[in-house]
Amino acid sequence: MFRHDIIIVGGGLAGLRAALAIRGADVAVISRVHPLRSHSVAAQGGINAALSKTDRWEDHAFDTIKGSDYLADQDAVAFLCQDAPARIIEMERWGTLFSRTDDGMIAQRPFGGAGYPRTAYAEDRTGHHLLHTIYEQALKNGIMFYEEWLVTRLVADGTKCAGVVGYNLKSGEVAGFQAKAVIFATGGYGRVYRRSTNAIINTGTGCAVAYRSGVPLEDMEMVQFHPTSLFGTNILITEGARGEGGILTNRDGERFMKRYAPHVLDLAPRDIVARAVMTEISEGRGFDGGYVHLELMHLGADRIKERLPGIRQISMDFANIDPIEEPIPVQPAQHYSMGGIGANTGCETALSGFFACGECACISVHGANRLGGNSLLETLVFGKKAGENARSYAGSADFRPPEVVDNAVTGESQKIAALLGRKDGEAYFTLRDELRALMDEKVGMFRDGKNLGDALGAIRALKARFGNVGVRNSSRSFNQELVGVIELVGMLDLAEAICIGALARTESRGSHFRTDYPARDDANWLKHTLLTLTPSGPRIGYKPVVMTKFKPGVRQY
Ligand SMILES: Cc1cc2nc3c(=O)[nH]c(=O)nc-3n(C[C@H](O)[C@H](O)[C@H](O)COP(=O)(O)OP(=O)(O)OC[C@H]3O[C@@H](n4cnc5c(N)ncnc54)[C@H](O)[C@@H]3O)c2cc1C
């Protein structure tokens with residue numbers, strides 16, 4: 001058994017920022033992939049902060065809250081926006097090569113739903129630059145890493161966290177990690193959907209593991225769809241492309257956003273633009289196969305090469321299109337998980353000593369719809385906060401008895417041995433692909449009671465079929481089939497949670513759009529959904545939204 005005061009699960013931006021807040025203490029980071037392969041590295045468009053003298057954090061907070069369709073907790077948003085400039089300057093000092101204005105300041109571009117150009121960027125490879133910087137800092141500070149370990153269990157001793165159990169992907173070893181405090185920074189669960197911009201490792205095992213330990217999940221029905229993923233592969237084409245002046249057009253060459261968001265057009269928040277694109281396609285104004293055009297040609301070659309080299313490369317490599325000369329074919333795809341492990345502004349969860357930050361957490365700063373550029377920011381602001389609070393918790397806590405972790409290791413070893421013993425049966429990917437298609441079709445951008453009810457039934461049928469899944473590969477080393485099976489258990493739980501929340505929420509708010517309840521209903525639904533796994537199945541509950549000074553208003557752009 002391994003033993004550290006604090007264990008961080010996740011080597012993306014949130015996990016590594018947490019680790020830096022604890023440097024010097026007995027801390028280790030566990031990650032299923034090399035940290036630089038975390039999805040943070042793929043972030044493109046930028047990171048928000050009121051850096052300019054003519055911008056204010058209060059305006060950033062207002063934009064975020066309006067963007068969230070008033071579901072975000074306003075105390076958490078205030079903290080996010082106030083702390084933002086310091087976190088960006090810190091990254092700059094640590095070495096991030098932000099793009100610059102002519103007078104040498106950090107350049108900022110307009111982004112969807114923001115009333116000010118406050119998205120700082122490093123070309124269109126912002127996540128790449130940030131993650132490399134923070135990883136260098138982690139190495140410099142001697143942070144210890146356990147790479148290629150998949151955490152399959154969060155261990156609790158009554159109401160206190162005792163550690164985690166990990167599966168070594170390289171050797172097949174199952175081992176316990178005893179810890180006084182554990183931080184999950186395990187990222188999103190976008191791959192529960194078929195069309196997604198997310199890395200293939202974003203299957204949500206972290207959220208599922210926490211849920212299985214009795215920690216409630218919050219606002220799972222709030223799933224973000226990005227309006228512009230590359231048609232065919234669904235690789236992201238950043239909102240920064242529209243921030244730089246790119247426009248969306250339909251098959252008639254019409255700039256259709258004028259009908260949906262007359263004031264801000266293509267720079268409306270994502271939920272609104274994504275629904276507009278889908279409406280154009282479903283009403284026959286899209287192109288065959290289901291896409292619209294993103295035009296950048298008018299920006300000119302110089303600007304595209306300087307500001308958007310990454311998306312030009314992606315378009316050339318994956319669609320054989322040079323955006324300097326031709327429009328990019330785009331369609332909406334799942335992009336971000338607003339819901340996740342329920343946590344407060346201190347990143348504390350329902351289990352003492354267990355903290356969550358980054359995309360896996362629901363703190364909630366994004367409410368029903370996240371603004372672009374606020375997620376990278378969340379990883380740094382709340383990564384730091386989670387690290388500080390875990391350190392102070394561990395300072396006065398004891399290790400729980402090692403037997404608790406040992407027993408969990410025995411349980412996980414038996415489960416894995418049992419899976420490896422099931423030679424015959426259905427292939428896990430048949431179930432996984434059915435699940436993903438089902439989520440796209442019935443739990444996507446436009447929802448209704450009938451489809452959600454059907455989806456819930458179908459997910460439960462898949463859960464029953466899971467009992468017959470076989471594992472043909474008995475290798476202990478890099479057994480991707482076994483990993484796929486372990487992930488599928490969690491994906492089915494998360495999909496069920498999304499469906500239950502969405503079916504219950506009989507209103508439309510942000511990314512959650514019910515065609516049978518198209519209006520927002522503040523009287524009944526200005527509240528967060530909480531889903532707890534009990535021995536008799538998922539139990540739904542609610543908690544109020546923290547409101548401070550922003551009263552819910554009409555959300556027009
Ligand atoms: C293509 C793309 C572009 C984006 N662009 C932007 C942008 O421009 N601006 C913005 O604000 N946001 C953007 N986002 C969102 C943002 O990048 C992410 O929300 C954020 O980077 C998530 O960081 P994280 O640290 O929480 O998780 P991740 O970076 O996803 O890291 C998760 C970590 O957890 C580990 N892990 C997961 N499960 C386990 C387990 N069971 N056991 C062990 N380890 C585990 C993984 O190995 C990984 O290290 C983008 C997202 C995508 C997909």
Side-chain angles (χ1 to χ4, degrees), residues 188-205 207-208 211-212 217 219-226 229 231-234 271 274-275 277-278 281-282 289-290 331-340 425-470 481 483-506 508 511-517 529 531 533 537-538 540:
Y189 42 89
R191 285 287 164 175
V192 170
Y193 286 81
R194 184 167 54 116
R195 280 188 192 152
S196 171
T197 65
N198 281 201
I200 53 167
I201 60 165
N202 283 16
T203 53
T205 44
C207 292
Y211 182 52
R212 291 238 148 189
L217 297 177
D219 293 341
M220 292 296 285
E221 65 273 28
M222 299 304 177
V223 178
Q224 178 163 82
F225 294 83
H226 197 292
S229 77
F231 176 64
T233 55
N234 300 115
D271 55 335
R275 277 196 293 274
V277 172
M278 279 311 286
I281 294 169
S282 61
Q331 67 176 183
Q334 188 288 338
H335 180 60
Y336 185 81
S337 316
M338 267 85 68
E426 263 193 290
Y428 82 90
F429 48 79
T430 311
L431 274 68
R432 182 200 62 192
D433 292 353
E434 278 182 41
L435 174 70
R436 287 174 170 169
L438 180 76
M439 293 300 284
D440 272 16
E441 198 186 322
K442 296 190 191 292
V443 199
M445 289 168 48
F446 293 99
R447 304 166 171 183
D448 64 50
K450 161 92 177 58
N451 274 324
L452 290 169
D454 289 352
L456 193 54
I459 291 166
R460 289 179 175 157
L462 286 172
K463 281 189 151 187
R465 264 166 68 193
F466 182 81
N468 303 322
V469 161
E481 188 181 7
V483 171
V485 173
I486 294 171
E487 286 178 327
L488 180 60
V489 182
M491 289 166 72
L492 288 165
D493 279 347
L494 298 183
E496 185 183 34
I498 295 169
C499 260
I500 293 173
L503 189 57
R505 191 176 277 275
T506 47
S508 291
S511 63
H512 172 69
F513 194 88
R514 291 273 307 245
T515 52
D516 47 353
Y517 295 93
T529 306
L531 221 63
L533 193 60
I540 197 162

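Computed from a prediction, not measured in an experiment: that's the story for all the values here. No hydrogens, no waters, no symmetry mates; every other heavy atom, side chains included, goes into these values.
- In the model, Gln331 has a side-chain atom that pairs as donor or acceptor with a side-chain atom of Asn234 under 3.5 Å.
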Should Asp516 and Arg514 be marked as a salt bridge (Lys or Arg N to Asp or Glu O under 4.0 Å) after you check the CA-CA gap, both sets of side-chain angles, and the distance that decides it? CA-CA 5 Å; Asp516 47 353; Arg514 291 273 307 245; 2.9 Å; yes
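- Pairing each heavy atom of Ile281 with each of Pro332, the nearest pair is CD1-CD, 4.5 Å.
- Rounding to the nearest 0.5 Å gives a distance of 9.5 Å between CD of Gln334 and CE of Met439.
- What you find for Ile540 and Ala504 is that their closest heavy atoms are CD1-CB, 3.8 Å.
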Could you go step by step and tell me if His226 and Tyr336 meet the side chain to side chain contact (heavy atoms under 4.5 Å, CB included) rule? CA-CA 8 Å; His226 197 292; Tyr336 185 81; over 6 Å; no
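- In terms of modelled atom types and a separation under 3.5 Å, the side chain of Asp440 and the main chain of Arg195 share a donor-acceptor contact.
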Check the pair Met220 / Leu217 against side chain to side chain contact (heavy atoms under 4.5 Å, CB included), numbers first and verdict last. CA-CA 7 Å; Met220 292 296 285; Leu217 297 177; 3.7 Å; yes
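- Taking the six-membered ring for Trp and the full ring otherwise, Phe466 and Tyr428 have centroids separated by 6.0 Å or more.
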For the pair Val223 and Tyr193, evaluate side chain to side chain contact (heavy atoms under 4.5 Å, CB included) and give the outcome as yes or no after the intermediate values. CA-CA 10 Å; Val223 178; Tyr193 286 81; 3.8 Å; yes
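- No side-chain donor-acceptor contact under 3.5 Å links Ser511 to the backbone of Met222.
- The two atoms that bring Val443 and Ala455 nearest to each other are CG2-CB, 3.7 Å, heavy atoms only.
- Applying the salt bridge (Lys or Arg N to Asp or Glu O under 4.0 Å) test to Asp433 and every residue at least two apart in sequence or in another chain returns nothing.
- Tyr189 OH to Ser196 OG: the interatomic distance, rounded to the nearest 0.5 Å, is 12.0 Å.
- With values rounded to the nearest 0.5 angstrom, Leu462 atom CG is found 8.5 Å from Glu426 atom CD.
- Residues Leu503 and Gly449 share a closest heavy-atom pair of CD1-O, 3.6 Å.
- A donor-acceptor contact closer than 3.5 angstrom links the side chains of Thr529 and Glu221.
- The salt bridge (Lys or Arg N to Asp or Glu O under 4.0 Å) search around Arg432 returns none, not counting sequence neighbours.
- Shown here for Leu456 and Cys499, the closest heavy-atom pair between the two residues is CD1-CB, 3.7 Å.
- The nearest pair of heavy atoms linking Gly204 to Leu494 is O-CD1, 3.5 Å.
- Annotation: the span from Met278 atom CE to Phe446 atom CZ amounts to 6.5 Å, rounded to 0.5 Å.
- Using a 4.0 Å cut-off between a side-chain N of Lys or Arg and a carboxylate O of Asp or Glu, Lys463 and Asp493 qualify as a salt bridge.
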Donor-acceptor contacts, no H, no angles, side chain residues 483-492, under 3.5 Å, sequence neighbours left out:
residue: Glu487; atom: OE2; partner: Arg32; partner atom: NH1; Å: 2.6
residue: Glu487; atom: OE2; partner: Arg32; partner atom: NH2; Å: 3.0
residue: Glu487; atom: OE2; partner: Thr203; partner atom: OG1; Å: 3.0

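- Side-chain atoms of Ile200 and Arg191, non-hydrogen and from C-beta on, do get closer than 4.5 Å to each other.
- Between atom CD of residue Gln224 and atom OG of residue Ser337 there is a gap of 9.5 Å, rounded to the nearest 0.5 Å.
- Looking only at atom types and distance, the side chain of Arg505 has no donor-acceptor partner in the side chain of His512 under 3.5 Å away.
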Before you tell me yes or no, could you show the steps for Phe225 and His335 under side chain to side chain contact (heavy atoms under 4.5 Å, CB included), namely the whole-Å CA-CA distance, both residues' side-chain angles and the distance that decides it to 0.1 Å? CA-CA 5 Å; Phe225 294 83; His335 180 60; over 6 Å; no
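- Atoms CD1 and CG, from Ile498 and Leu452 in turn, are 11.0 Å apart once rounded to the nearest 0.5 Å.
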What do the steps show when you test Arg194 against Glu441 for salt bridge (Lys or Arg N to Asp or Glu O under 4.0 Å), and what is the final call? CA-CA 9 Å; Arg194 184 167 54 116; Glu441 198 186 322; over 6 Å; no
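- The pair Asp454-Lys450 meets the salt-bridge criterion, with a side-chain N (NZ, NE, NH1 or NH2) lying under 4.0 Å from an Asp/Glu carboxylate O.
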